Chemist: 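Quick one: structure below, then a few questions.
A, B, ... follow the sequence lines: proteins, then strands. Residue 1 opens every chain. None of the values given here were measured: they were computed from a predicted structure.
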There are 2 protein chains.
Amino acid sequence: MPRQVDHEARRRELTAALLRIAGTRGLRAVSMREIAAEAGVSLRVVQYYFAGKQALLESGLTELGARMDRRVRRRTAAAGELTARGVLEAVLATIVPCDEESRLDSMAWTAYYTAALTDPALAAAGLTLPDALENFLTTRLTDAQRAGEIAADRDPRTEIAALLALANGLTSSVLSGQRDHRAAMYIVGYQLDRLFGPATP
Amino acid sequence: MPRQVDHEARRRELTAALLRIAGTRGLRAVSMREIAAEAGVSLRVVQYYFAGKQALLESGLTELGARMDRRVRRRTAAAGELTARGVLEAVLATIVPCDEESRLDSMAWTAYYTAALTDPALAAAGLTLPDALENFLTTRLTDAQRAGEIAADRDPRTEIAALLALANGLTSSVLSGQRDHRAAMYIVGYQLDRLFGPATP
DNA sequence: CGGGTTAGGATACAAGTGTATCCATACGGG
DNA sequence: CCCGTATGGATACACTTGTATCCTAACCCG
């Protein structure tokens with residue numbers, strides 16, 4: 001079968017296999033051989049398309065960030081970007097895992113996040129997404145305040161930081177089974193009502 | 001040196017060594033030999049005082065829970081348990097790491113939490129603390145509502161769940177260096193002001 | 001139509017893992 | 001005094017890990 005193979009596609013499939021393992025059994029269970037088995041190829045193939053385990057792990061982190069980004073964009077686009085509350089709700093709903101797919105990705109993300117706390121190489125390779133989100137939403141909410149959508153005595157930067165931290169905390173509790181998606185989103189809605197006033201139907 | 005040795009003390013020291021490693025280099029770096037080296041004993045000693053690695057890990061988790069519990073109790077006792085806000089502030093300040101010691105414990109806790117997501121044995125061995133805290137604080141805030149300390153249209157259960165999730169999310173951001181302790185506690189104070197009204201000096 | 005490069009199978013290797021075993025020592029109680 | 005047991009040192013074992021090497025097969029191009 002050899003000659004021309006789509007390297008990019010092969011790397012994507014191997015990365016997907018890696019994230020499937022990380023999402024179900026944790027980063028701890030990720031080994032070259034496990035990835036090969038999950039992807040249905042031989043160990044040599046994994047070695048052939050990635051320089052080493054480090055490169056593989058970084059590829060997984062990058063893909064995970066790309067997926068989150070895609071999800072946020074799709075959801076905010078679907079929400080029409082009408083009100084600031086709509087955008088905020090869409091973003092927060094994206095962070096808290098709702099279906100099996102996003103649950104697996106959140107698991108993998110948590111695993112990476114924890115690993116990055118004690119592995120400088122991973123940390124450098126990409127936890128920039130949270131900061132970007134925070135800035136984007138802050139400017140958005142500042143505009144909303146100018147437009148009178150929220151009270152003047154609120155601090156947009158603090159509100160956004162709190163909401164994002166809240167979403168992260170809720171994600172943890174959902175992943176551990178302490179709460180389900182519905183309960184988590186109820187809490188988010190409760191907080192948004194406090195910020196914007198009761199939902200406008 | 002042999003005859004009579006305080007087994008309990010020896011186990012505590014080994015557990016402490018384990019948590020020191022987990023807090024600085026992650027659970028991933030925890031091995032029998034590493035624990036032995038960290039505690040300054042031989043591998044055989046670690047084997048002698050613990051049935052196996054699983055028992056060691058469970059001991060670490062138990063100790064971590066006990067430390068958190070102790071910290072919360074000490075802080076709430078020091079706060080005098082006067083107002084509901086005082087208790088709440090004390091608990092939340094305990095969750096968000098402020099000094100190096102609590103930072104290491106929070107690191108270890110995060111590592112355990114993540115591991116428990118994909119390891120049923122660890123999950124069963126002890127993530128009950130969050131639920132207990134949530135219930136305790138909820139009854140406390142319900143009483144405070146009856147006493148008129150917070151507005152009648154607040155839902156104590158949801159408020160507490162949100163505050164605890166917020167504290168967890170803030171902890172993550174502090175551990176990753178995105179924010180420092182001071183910034184995190186400012187956000188907590190901001191939220192408490194929203195709930196109780198501006199601080200009473 | 002044949003070599004040369006690409007794609008991958010099979011296997012080897014050193015390092016690190018948890019666990020088990022063998023054996024020496026030192027003390028307390030008889 | 002001395003023997004049995006508590007304590008721990010040294011070492012071995014089977015296994016998994018990441019990585020490296022050897023070699024075969026297939027395709028594109030001249």
Chemist: Specify the separation, in whole Å, of atom CG of B/Leu56 and atom C1' of C/dT19.
Modeler: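 Whole-Å distance recorded here is 13 Å.
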Chemist: Please determine, by modelled atom types, if B/Ser102 and B/Asp99 share a side-chain donor-acceptor pair under 3.5 angstrom.
Modeler: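 Per modelled atom types, B/Ser102 and B/Asp99 side chains form a pair under 3.5 Å.
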Chemist: Between A/Asp6 and A/Arg10, is the closest basic N to carboxylate O distance under 4.0 Å?
Modeler: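 No, A/Arg10 and A/Asp6 are not salt-bridged.
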Chemist: Take the protein atom NZ of B/Lys53 and the nucleotide atom P of C/dG16, then report the distance between them rounded to whole Å.
Modeler: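 Spelled out: NZ on B/Lys53 to P on C/dG16 is 15 Å.
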Chemist: Checking B/Thr94 against B/Arg71: is there a side-chain donor and acceptor pair closer than 3.5 Å?
Modeler: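 No, no side-chain donor-acceptor contact under 3.5 Å.
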Chemist: Quick one: the side chain of A/Arg33 and the base of D/dG18, do they pair up donor-acceptor inside 3.5 Å?
Modeler: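 Yes, the side chain and the base share a sub-3.5 Å donor-acceptor pair.
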Chemist: Tell me which residues in residues 41-50 of chain B lie within less than 4.0 Å of DNA chain D, going by non-hydrogen atoms.
Modeler: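 Per residue number, the list reads B/Ser42, B/Arg44, B/Val45, B/Tyr48, B/Tyr49.
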Chemist: In this structure, how many angstroms lie between the P atom of D/dC15 and the CE atom of B/Met32, rounded?
Modeler: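 Rounded to the whole Å, the gap is 18 Å.
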Chemist: Mind checking if A/Arg10 touches a base, just sugar-phosphate, or nothing, with heavy atoms under 4.0 Å?
Modeler: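 A/Arg10: backbone/sugar contact only, no base atoms under 4.0 Å.
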Chemist: Any side-chain heavy atom of B/Leu27 within less than 4.5 Å of one from B/Thr114?
Modeler: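 Not in contact.
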Chemist: May I ask you to evaluate whether A/His7 reaches the phosphate of C/dT6, defined as a side-chain N or O under 4.0 Å from OP1 or OP2?
Modeler: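 Looking at the OP1 and OP2 atoms of C/dT6, neither is under 4.0 Å from any side-chain N or O of A/His7.
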Chemist: Between B/Tyr113 and A/Ser176, does any side-chain donor sit less than 3.5 Å from a side-chain acceptor?
Modeler: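 There is such a pair between these side chains.
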Chemist: With B/Arg182 as the cation and B/Tyr186 as the aromatic partner, state whether NZ or CZ is under 6.0 Å from the six-membered ring centre and within 45° of the axis.
Modeler: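 Not flagged: B/Arg182 not positioned over aromatic ring of B/Tyr186.
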Chemist: Nearest whole Å is fine: how far is C/dG8 P from A/Asp6 CG?
Modeler: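 So the two atoms are 12 Å apart, to the nearest Å.
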Chemist: What is the separation between atom CG on B/Leu57 and atom P on C/dG18, rounded to the nearest whole Å?
Modeler: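 One finds 9 Å between P of C/dG18 and CG of B/Leu57, rounded.
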Chemist: Could you check how far CG of B/Leu27 sits from C1' of C/dT17, rounded to whole Å?
Modeler: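 So the CG-C1' distance, B/Leu27 to C/dT17, works out to 15 Å.
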